[in-house]
**Q** 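Sharing a structure, written as structure tokens. Questions coming.
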Amino acid sequence: MIILKNLTKIYRGIKAVDNLNLQIPQGTIFGFIGPNGAGKTTTIKMMTGVLRPTKGSISIDGLDIAKEPSQAKRIIGFIPDRPFLYEKLSGIEFLRFKAGLYGMAGAGLDEDISDLLNLFELSDWADELIESYSHGMRQRLIIASALIHKPRVIIVDEPMVALDPRGAKLVKELFKERATKGTTVFMSTHTLALAQEVCQQIAIVDKGQIVASGTSKDLEEQAGVMGDLERIFLTITGGPTET
Amino acid sequence: MNIFRLLITPRFVGFKNNLKGPGGGRRVKILTLIVVGILFWLVLFFLFYRVLAYFSSQEMIGDVLARQLLAMVLLIFFSLLIFSHIVTALSNLYLSQDLELFHASPATLTEIFLSRSFYTVIDSSWMLIVFGLPVMMSYGVVYHASLAYYLSLIYVSLPLMIIAASLGILIIMVLVGFFPAQRARDIIFFLSLVVIICLYFLFRFLRPERLVNPDSFISIAQYLGALKAPDLPYLPSQWATDLLWTRLTGYPRGQVLNDVLLWSTALALMVIDIWMAGLIYFRGFSKAQEAKRRTRVGRKILENAISALTRPLGPDTTSLIAKDVRTFFRDNSQWSQLLLLGALVVVYLYNFSVLPLERSPIKSVYLQNALSFLNIGLAGFVISALSARFIFPAVSAEGNAFWIILSSPLSVRRFLWSKYFAYLIPMLILAEVLIIYTNYLLRVTAFMMVLSSVTIFLLVFGIVALGVGLGAIYPNFRHENIAQVATSFGGLIYMISSSVFIALVIVLEAGPVYTILSAHFRGEAVTNAQWVWITGSFILVIFVQIVAVKKPMEAGLKSLSSYEG
């Protein structure tokens, strides 16, 4: 379970995240959507321990990220929106490195790595330096690396960036399958169709605050608009609803 | 022309915004840089002023020496300018990230080429111009030059700069025509390193100290002959020397040919560059955009060595160190600097092996021990310089991938201390090799051997902590090239702090060491009061060491823990 309590982040006097409160049950795929600059990435960075909140708390499966950062991070798999990696490592070396950071070693590790490389169709490139990978391959490697330690919570910022349709389908199936096994997925995305298809719960964030949340049906009621998520989103965030 | 102006605008606006940026820290930073720059400028000016004043007081050979020095300085500046243009042109014309935007715009190829060449000239020349100025000013002051000399500095340096820029850009265009830009960078870097090492060895093994030994010269004619290095009439730097010398001394008169040569070469090369750019620039740029080649890495030797060495440290630290070692050896611009390190160590040790101790007027046993003591400081500075290059950038080396560390269970504390211990061990070994081997060459007393080994051992702990700690206080995760980090503001602060730390330890130890050695050589006993003072000094040394390790690491930890990108 993920609990965000009064979460606030102020950057040089500007409130990027403003008193955010959320409670996400275990095994849920949660969509976090909002316009550019709404505070989605800042929220995610605080949840993963990359940024410190100005105020408020974050609890991941009962572990406070500020008080017990190492234990909390151990159960999180983070997939950022930009695939910055160590260019001079090969794909397989990067996965081993990532596993090492999570304290993993031993006999089963090579098998797990091999399985992930196969799953993300990177086996042929396992021994190549990451600097020669395409954007999509980097993204697939990052997703693979986020799963290496079998996280109980997956936090992902724009999962489909640079993925081809095959990769996108694979990731969608993977999230659904993990969620049925009890993994909580917190996903920020601009791809509204994706959010509508896979998320059981959605929150719309604007100017650092949650302006609507719940199931698709709840959102329809709150917006007073029936139909697809795009129309609901545009109504709630104040954009033009007809094009 | 409008498009050209537009294309060069982002750099200037960016620079202006950078100066205006928020925070009092920026003002302190700029002020510190200005103060250090002015100090360096003044030191250079007075150094040249003293040398030239001394030359001008020598009849017959004074002017010959001053003119030779001017020719040499201009030749060095000219060569450095060409080299600097080669390096910056590669990045400005082929590798910069904003080039894609420019090439996709309706600007013509010539406009893009000219705007990027303009950047190249600015990037390559400003430092040489700033630091060349005190040298040229000292000539003007010593030779009581008229205003015409100072004006001619602009008149002469402008075509010299254009020639260097055109040659540098031309060389890089041709090089990228043959190799992809990424490869060309490695080749340039490697070649320049080899050239520097060769020059370094050549200079050292020529033993310039012989020149001050009067026994080496048979006659004044031979001495003058040695000074008059062959003139290089085809080099633009020589044309510039002749022109400036005429303005300084009035001789020789009527050097119109040099003016014509300098300006016509500059203009001709500019035209050739633009013409060549039309032919080959875009082809090279296009090649630079192609995907990098696949590089399959070997796993056996390095992998086994790393895992054997780091196994006791736990999987997280092992992973971190293994990653750093792999990255270091796969990055050509990193590992190749080990060659420079090797050259530095060889020459350092060679210097001690050729010291003419037996011919010194001072009793050699005193000299040996005094040198051994000073050697602690010298070796400390060598370790500091290496740390500035390798350890200070260690945190920044994580680059944009630092999010991986921040989001992992590895605490920032453990991350920093892992970096610390990974660098501490090789630095300790290197420092001890330098000290013990030089002490052996100097044949010092057992007391000095123990004292210098222990002192350098302790110094390294502080030097490495300052490097890691200050590297964490001044991180730059968005660098395009890790070498930029070492020469940043933080790098400067590191060098100053590290030098102060070494000097402090040496000063604290100097008095007690002198007292002990004097008593030893005179066969006297050290008094009780002296023992109290000696013990106090050494306790203070240990206290300074503890502070030098603790404070920067704590400050680095605090700063990095609150890092917000």
Side-chain angles (χ1 to χ4, degrees), chain A residues 9 11-13 42 44-45 47-52 65 68-94 96-106 109 124-134 142 145-146 149 155 157, chain B residues 21-23 182 291-299 302-303 306-307 310-311 313-335 397-415 418 477-478 482 561-565:
Chain A
K9 180 72 192 177
Y11 281 120
R12 294 183 190 122
T42 304
I44 281 184
K45 281 185 173 174
M47 290 171 72
T48 51
V50 176
L51 270 184
R52 269 187 186 186
I65 191 91
E68 299 161 285
S70 286
Q71 286 90 327
K73 287 172 184 179
R74 224 170 266 284
I75 57 169
I76 299 173
F78 174 39
I79 304 164
D81 57 341
R82 285 188 284 179
F84 290 126
L85 293 161
Y86 296 105
E87 302 282 310
K88 296 288 178 189
L89 294 189
S90 68
I92 196 164
E93 285 169 350
F94 177 70
R96 281 210 193 101
F97 163 72
K98 197 73 195 291
L101 288 182
Y102 286 79
M104 295 171 74
L109 183 61
D124 285 351
W125 288 76
D127 290 325
E128 313 286 343
L129 292 188
I130 293 170
E131 64 180 26
S132 59
Y133 283 25
S134 71
I142 284 193
S145 77
H149 57 290
I155 299 176
D157 197 356
Chain B
Q182 298 287 350
K292 288 179 184 173
R293 71 207 166 94
R294 289 176 69 157
T295 323
R296 190 164 282 270
V297 293
R299 269 192 277 160
L302 193 63
E303 196 81 11
I306 294 167
S307 59
T310 54
R311 198 165 295 143
L313 302 173
D316 52 356
T317 311
T318 304
S319 290
L320 194 68
I321 295 174
K323 185 266 295 170
D324 282 349
V325 174
R326 284 191 192 103
T327 306
F328 182 84
F329 283 104
R330 285 174 193 166
D331 188 344
N332 294 337
S333 64
Q334 293 260 10
W335 69 261
E398 297 297 322
N400 283 320
F402 188 52
W403 69 268
I404 297 167
I405 302 296
L406 284 179
S407 63
S408 79
L410 186 78
S411 65
V412 175
R413 179 182 294 275
R414 203 163 158 82
F415 165 74
S418 299
F477 296 112
R478 294 194 180 116
I482 192 73
S561 300
S562 55
Y563 177 78
E564 299 207 329

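All values derive from a computational prediction rather than experimental measurement. Quick note on labels: first sequence line is chain A, next is B, and so on, each numbered from 1.
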**Q** Select, from A:Ile155, A:Leu89, A:Thr48, A:Leu85, the one with the greatest count of heavy-atom pairs under 4.5 Å involving chain B.
**A** A:Leu89
**Q** Rounded to the nearest 0.5 Å, what's the gap from CZ on A:Arg96 to OG on B:Ser319? Could you check?
**A** 10.0 Å
**Q** So what's closer than 4.5 Å to chain B heavy atoms on A:Lys98: side chain, backbone, both or neither?
**A** side chain
**Q** Which atoms of B:Ser561 are under 4.5 Å from chain A, going by heavy atoms: the side chain, the backbone, both sets, or neither?
**A** both
**Q** Apply the test side-chain contact (heavy atoms from CB on, under 4.5 Å) to residues B:Ile405 and A:Leu101: give CA-CA distance (whole Å), side-chain angles for both, the deciding distance (0.1 Å), then the verdict.
**A** CA-CA 8 Å; B:Ile405 302 296; A:Leu101 288 182; 4.3 Å; yes
**Q** Against chain B, label A:Tyr133 side chain, backbone, both or neither, depending on which of its atoms sit under 4.5 Å from a heavy atom there.
**A** neither
**Q** Tell me if a side-chain donor or acceptor on B:Trp403 pairs with a main-chain N or O of A:Arg82 at a distance below 3.5 Å.
**A** no
**Q** Pick from B:Ile404, B:Thr318, B:Leu410: which one has the most heavy-atom pairs with chain A under 4.5 Å?
**A** B:Ile404
**Q** Any chance you could lay out the side-chain contact (heavy atoms from CB on, under 4.5 Å) test for B:Asp316 and A:Tyr102, step after step, and finish with the verdict?
**A** CA-CA 7 Å; B:Asp316 52 356; A:Tyr102 286 79; over 6 Å; no
**Q** Which atom pair, heavy atoms only, marks the closest approach of B:Pro409 to A:Ser70?
**A** O-OG, 2.7 Å
**Q** Taking all non-hydrogen atoms of both residues into account, name the closest pair between A:Lys73 and B:Leu406 and its distance.
**A** NZ-O, 2.6 Å
**Q** Are the side chain of B:Lys323 and the backbone of A:Glu93 linked by a donor-acceptor contact shorter than 3.5 Å?
**A** no
**Q** Side chain, backbone, both or neither: which part of B:Ser408 has an atom under 4.5 Å from a heavy atom of chain A?
**A** both
**Q** Using 0.5 Å steps for rounding, measure from the OG atom of B:Ser407 to the CG atom of A:Leu51.
**A** 11.5 Å
**Q** Can you say whether A:Ile75 sits under 4.5 Å from chain B via the side chain, the backbone, both, or neither, judging by heavy atoms?
**A** neither
**Q** Nearest 0.5 Å, please: how far is OH in A:Tyr86 from CG in B:Asn400?
**A** 10.5 Å
